[in-house]
2 protein chains.
Amino acid sequence: MSSSALPYRPHNHQACVAQALADARTICQQHNARLTPTRERVLELIWQSHKPLGAYDVLAVLAEDGHNAAPPTVYRALDFLQQYGLVHRIASLNAFTGCTHAGKSHNGMFLICRSCGNVLELTAPAVSSALHRAAAEESFRPEDVTIEVSGYCPRCASDDAHG
Amino acid sequence: MSSSALPYRPHNHQACVAQALADARTICQQHNARLTPTRERVLELIWQSHKPLGAYDVLAVLAEDGHNAAPPTVYRALDFLQQYGLVHRIASLNAFTGCTHAGKSHNGMFLICRSCGNVLELTAPAVSSALHRAAAEESFRPEDVTIEVSGYCPRCASDDAHG
DNA sequence: TTGCTAATGTTATAATGTTGCAAATTCCGC
DNA sequence: GCGGAATTTGCAACATTATAACATTAGCAA
Ligand SMILES: [Zn+2]
Ligand SMILES: [Zn+2]
Ligand SMILES: [Zn+2]
Ligand SMILES: [Zn+2]
């Protein structure tokens, strides 16, 4: 599975993307879902960017492709990809990022660097379980959990004095 | 301090609102910040609603007030109120809710009912500390944490079969 | 008063996301 | 292959959320 869990370090990102697409094809097959060309292209674009892409960013690249797409095309593709856990929407950014744990069930949490914009998705079982306990104490039944942490990544924090 | 921590039960909400406004005045005085009529009115409106209000919802009520306001007026007031911790923005809803722990430093987390729309803000130290540990393991320095849990509140979960 | 700063008004526009329906494509049983 | 159902896409218009830019006013102090 594609686990470029460290976007901080340079690496052969084309390989990440290729792996993510391969994974996506497998996952869609398993669910009898159709990873159509548009959907695959959108997933590819999102993966190619290390930073979350807005829907209209995707739209712009599709336009460069020569694909005369309108917003619904992109949003529909994104809905599909989210549905199968291939991308996540970052609510605090109105943007989308490729899931680095696609296929595995996971409780994602996002570390978003204010300086460089990179996003790291991690699975934090301790956070997740503490959160579910807290919800249970209120007799609340969670269906969907959003955890987004804005701050400074190691590289940017050391670069200079942000605080 | 205004702690209508249980929006589930009926109660004298006007008292909550009055208390929240009184607290806000105190907090602003302490910071030499001006809680102008517009800002105070926006805070009041947000508190009066048990459910998070969108900026344009606020705008609509201001219009009913006879206040001929434009979007920037509302967004500025909301920015101010956020700055002093009097309201929170719920990213997953694009809406604002009164802070039930204004003045105290707190790591909020929001339980959002999909059915009735009520929002409960809680302080969950266990979640917060687990989260900071997870971030620290990645050498990430958190500045702002968003935790929003969508699901079913006790009342709505028992009402009928959501699952 | 005068001058400075914070706050507000005003207009326009940007950015993000949705609805509704028609056309095309794909799937599937025949 | 063929025909009908279901899914997917194209397309136009629209709705919602948020900001930019600049003029004006209110608060405050020398
Ligand atoms: Zn994920
Ligand atoms: Zn960074
Ligand atoms: Zn709060
Ligand atoms: Zn409820």
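Quick note on labels: first sequence line is chain A, next is B, and so on, each numbered from 1.
- Closest to the side chain of B:H67, from the set C:dG9, C:dT19, D:dA18, is C:dG9.
- At the phosphate of D:dA18, OP1 or OP2 sits under 4.0 Å from a side-chain N or O atom of B:N94.
- When side chains are defined from C-beta on, A:F96 does not count as touching A:P52, because their heavy atoms never get closer than 4.5 Å.
- With hydrogens and angles disregarded, a donor-acceptor distance shorter than 3.5 Å links the side chain of A:S129 to the backbone of A:A126.
- With D:dC11, C:dA7, D:dA18 as the candidates, the nucleotide lying closest to the side chain of A:P72 is D:dC11.
- Two residues, B:D57 and A:T73, neighbour DNA chain D, and the one matched to the more 5' nucleotide by heavy-atom proximity is A:T73.
- For the pair A:V145 and A:N107, the minimum side-chain heavy-atom distance is 4.5 Å or more.
- Residue contacts shown for B:R39 are limited to sugar-phosphate atoms, with no base heavy atom under 4.0 Å away.
- At whole-Å resolution of the value, CG in A:D79 and P in D:dT7 are 16 Å apart.
- The side chain of B:Y75 places no N or O atom within less than 4.0 Å of a non-bridging phosphate oxygen (OP1 or OP2) of D:dT19.
- Between B:T36 and C:dT8 there is a side-chain polar atom (N or O) within less than 4.0 angstrom of OP1 or OP2.
- Spacing between atom CG of A:L59 and atom C1' of D:dA12 amounts to 14 Å, rounded to whole angstrom units.
- Checking D:dT8, D:dC11, C:dT11 against every side-chain atom of A:R34, the shortest atom distance belongs to D:dT8.
- For the residue pair A:Q83/A:D79, the side-chain donor-acceptor check at 3.5 Å is not satisfied.
- Nucleic acid contact for B:R76: base, since at least one base atom lies under 4.0 Å from a heavy atom of the residue.
- In this structure, A:Y56 counts as stacked on the base of C:dT16 under the 5.5 Å centre distance and 30° plane angle limits.
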